[in-house]
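Single-structure report; data block below.
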Amino acid sequence: MPDEDQEPEQDQGQDQEQDQEQQETMGEADRRRRRAQFLRELNEAKALRERVQPRRARAARMRQQMRMRTFRW
């Protein structure tokens, strides 16, 4: 009889571990979805800034290119 009492506890422990893993997976998927949305919005904002302020955007692009050219590994 004591063995029967222990089995549900082990099953509950396994269920809790599975639930925790599932929640972590769901949390990871949610985080990735939010990050992807943020990056899309960031790119949209950069594109809008380039359209609204083309001279500044061009100058910023040129500065970025110079930084990349002078960067050393």
Side-chain angles (χ1 to χ4, degrees):
M1 290 301 241
D3 292 339
E4 292 177 10
D5 291 338
Q6 289 178 355
E7 288 179 13
E9 291 175 7
Q10 290 175 351
D11 290 342
Q12 288 176 354
Q14 289 175 351
D15 289 343
Q16 288 175 353
E17 288 176 10
Q18 289 175 351
D19 288 345
Q20 185 178 6
E21 289 176 7
Q22 190 176 22
Q23 287 176 352
E24 289 175 1
T25 305
M26 295 291 285
E28 181 71 18
D30 188 42
R31 185 188 71 81
R32 288 183 184 203
R33 187 172 48 253
R34 286 194 317 261
R35 184 175 186 271
Q37 182 179 0
F38 170 76
L39 292 174
R40 278 194 303 270
E41 291 175 357
L42 182 63
N43 286 334
E44 288 177 15
K46 286 182 180 180
L48 178 63
R49 190 180 319 152
E50 285 186 22
R51 285 194 305 270
V52 173
Q53 300 174 343
R55 184 176 295 165
R56 288 185 186 173
R58 181 171 185 247
R61 258 194 327 271
M62 297 301 254
R63 283 192 299 272
Q64 176 65 17
Q65 288 175 356
M66 287 302 292
R67 277 195 300 265
M68 295 306 287
R69 285 183 194 143
T70 58
F71 180 75
R72 290 190 171 199
W73 295 99

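Both backbone and side-chain heavy atoms feed into the values below; hydrogens, waters and symmetry mates do not. These figures come from a predicted structure and were not determined experimentally.
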Quiz prompt | Stepwise side chain to side chain donor-acceptor pair (under 3.5 Å) test for R67 and Q64 | solution = CA-CA 5 Å; R67 277 195 300 265; Q64 176 65 17; 2.6 Å; yes
Self-check item: Passing candidate, side-chain contact (heavy atoms from CB on, under 4.5 Å) with R35, options R33, R31, R32
Solution: R31
Quiz item: Around atom CZ of R49, are there more than 12 heavy atoms of other residues, nucleotides or ligands at under 6.0 Å?
Solution: no
Quiz prompt | Euclidean distance, Q37 CD relative to L39 CG, rounded to 0.5 Å | solution = 10.5 Å
